[in-house]
Protein chains: 2
Amino acid sequence: MKEPTFPDSPLADLCRERGLKLTGQRRTIAFVLSDSDDHPDVEELYRRAVEVDPRISIATVYRTVRLFEENGILQRRDFGGGRARYEVADGDHGDHYHLIDADSGKVIEFENPELDALLDNIVREMGYDLVTTRLSVVGRRKAKPR
Amino acid sequence: MKEPTFPDSPLADLCRERGLKLTGQRRTIAFVLSDSDDHPDVEELYRRAVEVDPRISIATVYRTVRLFEENGILQRRDFGGGRARYEVADGDHGDHYHLIDADSGKVIEFENPELDALLDNIVREMGYDLVTTRLSVVGRRKAKPR
DNA sequence: TTGCAAATGATAATCTTTCTCATTAATAGG
DNA sequence: CCTATTAATGAGAAAGATTATCATTTGCAA
């Protein structure tokens, strides 16, 4: 059986750095994730992974995605629709947020330092340190963009 | 069989106002919801509803909760843990948000007009009208509150 | 009060995710 | 480089949450 060849992805390196065993499947999944700039669910990740290496099972995708989330490599998102979706975790810099088009369901990412700061403040004043922010706003395209 | 007697709740009125048929079960569920100030999941709602009127099935709770959500009476929340949780929808005034204790999982509600305004602004500048905000911040209690 | 469309109850079916367990593979040490 | 050990994987079963089915019941308008 032939091993598919592709370079180690940034996420694969991250995986090794965290002391996780870098198996072929994890290498593949990490590659696929590094290559994605959207928010795939597990089914979709599995589809993409199989393209790269058919010797992979959906159970492993579930396992890997969970492992990566526990290790801060991935973040799980819920945009409705019943299945969890994943994206590469933000670095130490600013978080990013999601605007969901109420009609099309399309997900638009945005950043906003002012929002970062305000949230940090609010949480601190309540006596907590901010760990994660899960924010998605649902919006409807304005009828008359001026 | 005896009908349980209790007054129409605010949510029951809302239900009628929206032109939804006010069945005994919906009246019961609305009552239970009006009486709750937490974020019960369907199982928990079912438990509370059965207390009031045992002639109710969990299927109906699922159906009602979905109906109420579609009609803007309830909002569905995801705090992790695999099941959807529900709360009475905010009025036209300010939204409210959730701080989740990272260690205990406890949900703490808060409001913040500044945050309302900022989100509204951000979304407007992206060409959208804000429909709903889903925000929960996960925080960890500070070790040394000064 | 009656008729009918809609809602309900009980349970089957579906969908997503996790678990089980026999097999396979990664890695440290020789 | 080879081997042993320990963890990861594959395939499918199982679990958990939610939705669908269909015969029966009920709200509500006429």
Side-chain angles (χ1 to χ4, degrees), chain A residues 1-4 8 12-13 15-32 39-47 49-50 52-71 73-74 76-86, chain B residues 1-5 8 12-13 15-32 39-47 49-50 52-71 73-86:
Chain A
M1 260 160 245
K2 71 180 62 142
E3 300 269 340
D8 275 11
D13 293 338
C15 182
R16 227 192 315 255
E17 277 165 34
R18 309 264 158 124
L20 304 173
K21 196 187 275 190
L22 188 59
T23 66
Q25 289 84 339
R26 288 180 187 172
R27 217 171 136 264
T28 298
I29 294 167
F31 176 78
V32 164
H39 314 84
D41 57 33
V42 169
E43 207 76 37
E44 176 61 27
L45 271 179
Y46 174 61
R47 250 175 261 128
V50 164
V52 177
D53 182 355
R55 296 170 304 171
I56 201 168
S57 99
I58 187 136
T60 297
V61 181
Y62 271 105
R63 275 190 285 240
T64 303
V65 127
R66 187 150 46 111
L67 180 78
F68 282 6
E69 199 208 347
E70 283 162 1
N71 286 80
I73 296 174
L74 283 185
R76 190 203 308 236
R77 300 290 181 184
D78 168 54
F79 299 135
R83 40 235 269 182
R85 295 168 67 175
Y86 292 87
Chain B
M1 258 159 245
K2 70 181 64 144
E3 302 268 339
T5 49
D8 275 10
D13 294 338
C15 182
R16 228 192 313 257
E17 278 166 32
R18 309 263 157 126
L20 303 173
K21 197 187 273 189
L22 188 61
T23 66
Q25 289 84 341
R26 287 180 188 171
R27 215 169 138 267
T28 298
I29 294 167
F31 175 80
V32 166
H39 313 85
D41 57 32
V42 170
E43 208 75 39
E44 177 60 27
L45 272 178
Y46 174 61
R47 249 174 265 129
V50 164
V52 178
D53 181 357
R55 295 170 304 171
I56 201 167
S57 100
I58 186 135
T60 296
V61 180
Y62 270 106
R63 274 190 287 242
T64 302
V65 126
R66 187 150 44 109
L67 180 78
F68 282 5
E69 199 208 346
E70 284 162 0
N71 285 80
I73 296 173
L74 283 185
Q75 282 190 302
R76 190 204 309 237
R77 300 289 180 187
D78 168 54
F79 298 135
R83 40 235 269 182
R85 296 169 65 176
Y86 292 86

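Atom set for the values below is all heavy atoms of this structure, side chains included, hydrogens, waters and symmetry mates excluded. A, B, ... follow the sequence lines: proteins, then strands. Residue 1 opens every chain.
- Side-chain contact between A:K21 and A:R26 is present, with heavy atoms from C-beta onward closer than 4.5 Å.
- With rounding to whole Å, A:E69 atom CD is found 14 Å from C:dT18 atom C1'.
- Here B:R66 reaches the OP1 or OP2 of D:dT19: one of its side-chain N or O atoms lies under 4.0 Å away.
- Put simply, A:T23 has no side-chain N or O that comes within less than 4.0 Å of OP1 or OP2 on D:dA7.
- If you measure from atom CG of A:L20 to atom C1' of D:dA7, you get 12 Å, rounded to the nearest angstrom.
- If you take CD of B:E43 and P of D:dT18, they are 9 Å apart, rounded to a whole angstrom.
- Side-chain atoms of A:R63 lie closest to C:dT20 of the nucleotides D:dT18, C:dG9, C:dT20.
- No donor-acceptor contact under 3.5 Å links the side chain of B:R26 to the base of D:dG27.
- Residue B:R55 contributes atom CZ, which lies 15 Å from atom C1' of D:dT24 at whole-angstrom precision.
- A close approach under 4.0 Å does not occur between any side-chain nitrogen or oxygen of A:Y62 and OP1 or OP2 of C:dT18.
- Each of B:K21 and B:I58 has a nearest nucleotide on DNA chain C; the 5'-most of these lies closest to B:K21.
- Note: CG (B:D41) to P (D:dG16) measures 14 Å, nearest angstrom.
- Atom P of nucleotide D:dG27 and atom CG of B:L67 are separated by 16 Å, given to the nearest angstrom.
- Dashed line: the shortest gap from a side-chain N or O of A:T60 to OP1 or OP2 of D:dG10 is under 4.0 Å.
- Atom CZ in A:R83 sits about 4 Å away from atom P in C:dT16, given to the nearest Å.
- Between B:G81 and B:R16, the residue whose closest nucleotide on DNA chain D is further toward the 5' end is B:G81.
- Contact check for A:D8 versus A:L22: side-chain heavy atoms found under the 4.5 Å cut-off.
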Stepwise, does the salt bridge (Lys or Arg N to Asp or Glu O under 4.0 Å) test hold for B:R27 with B:D53?
CA-CA 10 Å; B:R27 215 169 138 267; B:D53 181 357; over 6 Å; no
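- Within the structure, every side-chain polar atom (N or O) of B:R85 is placed at least 4.0 Å from both OP1 and OP2 of D:dA17.
- An OP1 or OP2 oxygen of C:dG9 is reached within less than 4.0 angstrom by a side-chain nitrogen or oxygen of B:Q25.
- Put simply, the side chain of B:R27 and the base of D:dG27 share no donor and acceptor less than 3.5 Å apart.
- Here the side chain of B:D41 pairs a donor or acceptor atom with the backbone of B:E43 at under 3.5 angstrom.
- When rounded to the nearest whole Å, the span between OH of B:Y86 and P of D:dA17 equals 13 Å.
- One N or O on the side chain of A:R18 and one on the backbone of A:N71 form a donor-acceptor pair closer than 3.5 Å.
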